[in-house]
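Computation of the quantities below employed the complete heavy-atom set of this structure, encompassing side-chain atoms and omitting hydrogens, waters and symmetry-equivalent molecules.
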Amino acid sequence: MRIKFAVLRHLTSCLLFITVLTSPLSHAQEAIELLEQADSLRVMDRQASLALLKKASRFTLSDSEQDYLDYLHAFHVAMNSDISKAAKLLEPITIRHDSGRLALRSRATLLSLYAGLKEWEKGVLLVEELVEIQSRSPRDSDWFTARIGQVFFFLHLELFNDALQLIMDARSYPEPMPDVLNCRFTTYEFTAKKGLNPSDIDDRWLDTLQKQCDALQPSVYTIDYLVTWSDLLNSRQDYKATVAFVESHQSKVKKLDYFHLWAALQNHYALALFSLQRYDQAELIVDDLLANPVLTDYLQGYIKASLLKSELAKRQQQYAQAYHWLRIVSDLRHQEQKSAMAKQLAVAQAEFSLAASERAMQSLGKQNALLERELLVSHQRMLNTYLVAVLSVSLIMLLLVTLYRHKQQRKTLVKMANTDALTGLHNRRCFTERVTAYLANPDHAETCSMILMDLDNLKWVNDGFGHQSGDWVLQNVSNVILELRTPQVLSVARIGGEEIAIFLVSTNASQAEEFAWLISQHLSMISTKKQLDGRVISASYGVCDSNSAGRSLTSMLNAADVAMYQAKRAGKKQVVVYQPAPEFII
């Protein structure tokens, strides 16, 4: 009995020890799973996502996991209309991450927040960061999400042609795009074309959007087009169509519990009802929006609702109420423009209007006429101030966009000057400058090497299959070399019709020879069944290093050229290392 009890106690101790060892691992895994689940639900079920984040925050998280949690938390803060707070939460995350998934996603979200905050200068700088990170990132769903952020920012700058170019570029890649992102790209394409020429938009666009978006699970992204479409219908003054469209979709928007989308759709709905003289229904909707405290954080929605409330009051000859709401609109627009002078003017107008209202109330017979005149004067002043502010903002935006385009054009010109147009490799001039500068630097005393490769039978390919096939061979060979490129490769250049030079630092002839054979092996694996009837692509390679050829570009190219021609004479598809001629003592 004692032996049995001792064995049982030993087994219990072992189980407890194993539990202690594995518990941290299981907890860490559980925290990661909670974050992933919260991420997948953030645009479909906000409350469930927030609950999962709260649960994950109780675990001990690594720095990257904590940043992931903070990113998701900032996203929810933004969707709750507090975009200024969300931006402050995201900015430190972008500083800590300059590559990877979180670097792309945090910047894409922050870019959309800068658009909402009208932080155009910050946004332009962030676009440059995002483009640089995308250039070294795989084209996966996070890459496409980052592109969505750029398109969204350009749409807010009203650079519709640039936004369309980004969309077309994203769709030109062969990588598959998730259905939700495809829906978002189509929605933004519709928005851009609507901004360029609304008359080009017909009902076929709605059919396309509904086929791509309505089949997906409803989320903040898949219903975004509903707001833009209802706005388009109102701009066409097709108010009956607006009412029918909103009534058929508003329950879907309501269930998602994202107030700013709901408020935008309801504003369009109320405007259509007002235009159809269904004033009571319009007023119920506007009153419901204005009674919601969240609306004060959604500036555009608050302005639209307040304007419509002013029009409803004026129609009922309630001029005091009309003036009250118009004054609120004036204050909000000045707040939107972030102008201290405009704010002071709004206060002065408010004080004047209050004094005028008090005087008018002393005489019931004069009230309507007095407030009517004050309403017109205030409206004209507000319009004048608004136009001045819009012109100022437009000039600033134009300057920023011009600077941005100038910088991009300069980058493009530099790239064109240094790049071979067909292959994307460096051209001979760029190769010469880089290698010469490296060799002339006294700090670079280590051994360096040169590979000169000449494609075998390229003239035969051009004659037998056409120059397009020859160009295809050059492009595929260049892609292989670029994919195999290591930090030791200082420059790869097309220096002749079918000759490619590779300069490697901190590398001797033996190591360069291995790299040449690696290139040769990958060239033989290129599928040529369609273009060359399956004929294998090959090249002849000449290799030398600075120990055998000397430390000058001319001597190394000459040595590699001698070795390359030896490889040609040896039957092609060979790698020959340069051997200097022996010196004889006479």
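For the pair Asn479 (side chain) and Gln475 (backbone), a donor-acceptor distance under 3.5 Å is present. Here the side chain of Ser112 pairs a donor or acceptor atom with the backbone of Thr109 at under 3.5 angstrom. Using modelled atom types, no side-chain atom of Asp561 and backbone atom of Leu557 make a donor-acceptor pair closer than 3.5 Å. Judged by distance alone, the side chain of Glu65 and the main-chain N or O of Ser62 form a donor-acceptor pair under 3.5 Å. Between the Thr423 side chain and the Leu425 main chain, a donor and an acceptor come within less than 3.5 Å of each other. For the pair Thr507 (side chain) and Leu504 (backbone), a donor-acceptor distance under 3.5 Å is absent. Gln134 places a side-chain N or O within donor-acceptor distance of the main-chain N or O of Trp143, the cut-off being under 3.5 Å. Judged by distance alone, with hydrogens and angles left aside, the side-chain atoms of Ser520 form no donor-acceptor pair with the main-chain N or O of Trp517 at under 3.5 Å. Checked by atom type and distance alone, the side chain of Ser552 pairs as donor or acceptor with a backbone atom of Ser555 at under 3.5 Å. When atom types are taken as modelled, the side chain of Asn476 and the backbone of Trp472 share a donor-acceptor pair closer than 3.5 angstrom.
In this structure, the side chains of Glu91 and Lys122 come closer than 4.5 Å at one or more pairs of heavy atoms. Residues Val473 and Leu455 are in side-chain contact: their nearest non-hydrogen atoms beyond the backbone lie under 4.5 Å apart. Side-chain contact between Cys213 and Thr187 is present, with at least one heavy-atom pair separated by less than 4.5 Å. Looking at Glu33 and Glu36, their side chains never come closer than 4.5 Å, going by heavy atoms from C-beta outward.
Taking a cutoff of 4.0 Å between a charged side-chain nitrogen and a carboxylate oxygen, Asp140 and Arg101 do not qualify as a salt bridge. For Glu189 and Arg171, the salt-bridge test passes: some basic side-chain N is under 4.0 Å from an acidic carboxylate O. The pair Arg236-Asp238 does not count as a salt bridge, with every side-chain nitrogen at least 4.0 angstrom from each carboxylate oxygen. Using a cut-off of 4.0 Å between Lys/Arg side-chain N and Asp/Glu carboxylate O, Arg136 and Glu132 are scored as salt-bridged. With salt bridges taken as basic N to acidic carboxylate O contacts below 4.0 Å, none links Lys573 and Asp456. Electrostatic pairing of Lys529 and Asp533 does not count as a salt bridge here, judged by no charged N lying under 4.0 Å from a carboxylate O. Checked for salt-bridge contact, Asp214 and Lys252 meet the test: a charged N lies under 4.0 Å from a carboxylate O.
Taking the six-membered ring for Trp, Trp229 and Phe190 have ring centres closer than 6.0 Å. For His444 and Tyr438, the ring centers are positioned less than 6.0 Å apart.
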Step by step, would you call Asp420 with His426 a side-chain hydrogen bond (donor to acceptor under 3.5 Å, both in side chains)? CA-CA 6 Å; Asp420 175 62; His426 290 156; over 6 Å; no

Stepwise side-chain hydrogen bond (donor to acceptor under 3.5 Å, both in side chains) check, Asp545 with Ser548: CA-CA 6 Å; Asp545 61 22; Ser548 61; 3.1 Å; yes

Between Arg96 and Asp63, does the salt bridge (charged side-chain N to carboxylate O under 4.0 Å, His left out) criterion hold? Intermediate values first, please. CA-CA 10 Å; Arg96 289 193 291 270; Asp63 291 342; over 6 Å; no

Could you go through the side chain to side chain contact (heavy atoms under 4.5 Å, CB included) check for Ile481 and Ile519 one step at a time? CA-CA 7 Å; Ile481 298 173; Ile519 295 173; 4.2 Å; yes

Determine, stepwise, if the pair Glu499 / Arg494 fulfils salt bridge (charged side-chain N to carboxylate O under 4.0 Å, His left out). CA-CA 6 Å; Glu499 287 186 342; Arg494 182 186 179 199; over 6 Å; no

Determine, stepwise, if the pair Trp460 / Phe465 fulfils ring-ring contact (aromatic ring centres under 6.0 Å, His included). CA-CA 8 Å; Trp460 177 82; Phe465 295 91; 5.8 Å; yes

Run the numbers on Leu523 and Val477 for side chain to side chain contact (heavy atoms under 4.5 Å, CB included), then give the verdict. CA-CA 7 Å; Leu523 293 188; Val477 168; 3.8 Å; yes

Show the numbers, then the answer: is there a side-chain hydrogen bond (donor to acceptor under 3.5 Å, both in side chains) between Ser199 and Asn197? CA-CA 5 Å; Ser199 62; Asn197 190 359; 2.6 Å; yes

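No side-chain donor from either of Asn418 and Arg434 sits under 3.5 Å from a side-chain acceptor of the other. Remark: the His76 side chain and the Ser49 side chain contain an N/O donor-acceptor pair separated by less than 3.5 Å. In this model, a donor atom of one side chain and an acceptor atom of the other lie less than 3.5 Å apart for Asp39 and Tyr68.
Enclosure of atom CD in Gln165 is not indicated, since only 12 or fewer non-hydrogen atoms of other residues, nucleotides or ligands lie within 6.0 angstrom. Dense packing is recorded around CD of Glu446, with more than 12 heavy atoms of other residues, nucleotides or ligands lying under 6.0 Å away.
Between Phe245 and His249, the ring-plane angle classifies as tilted under the 30° and 60° cut-offs.
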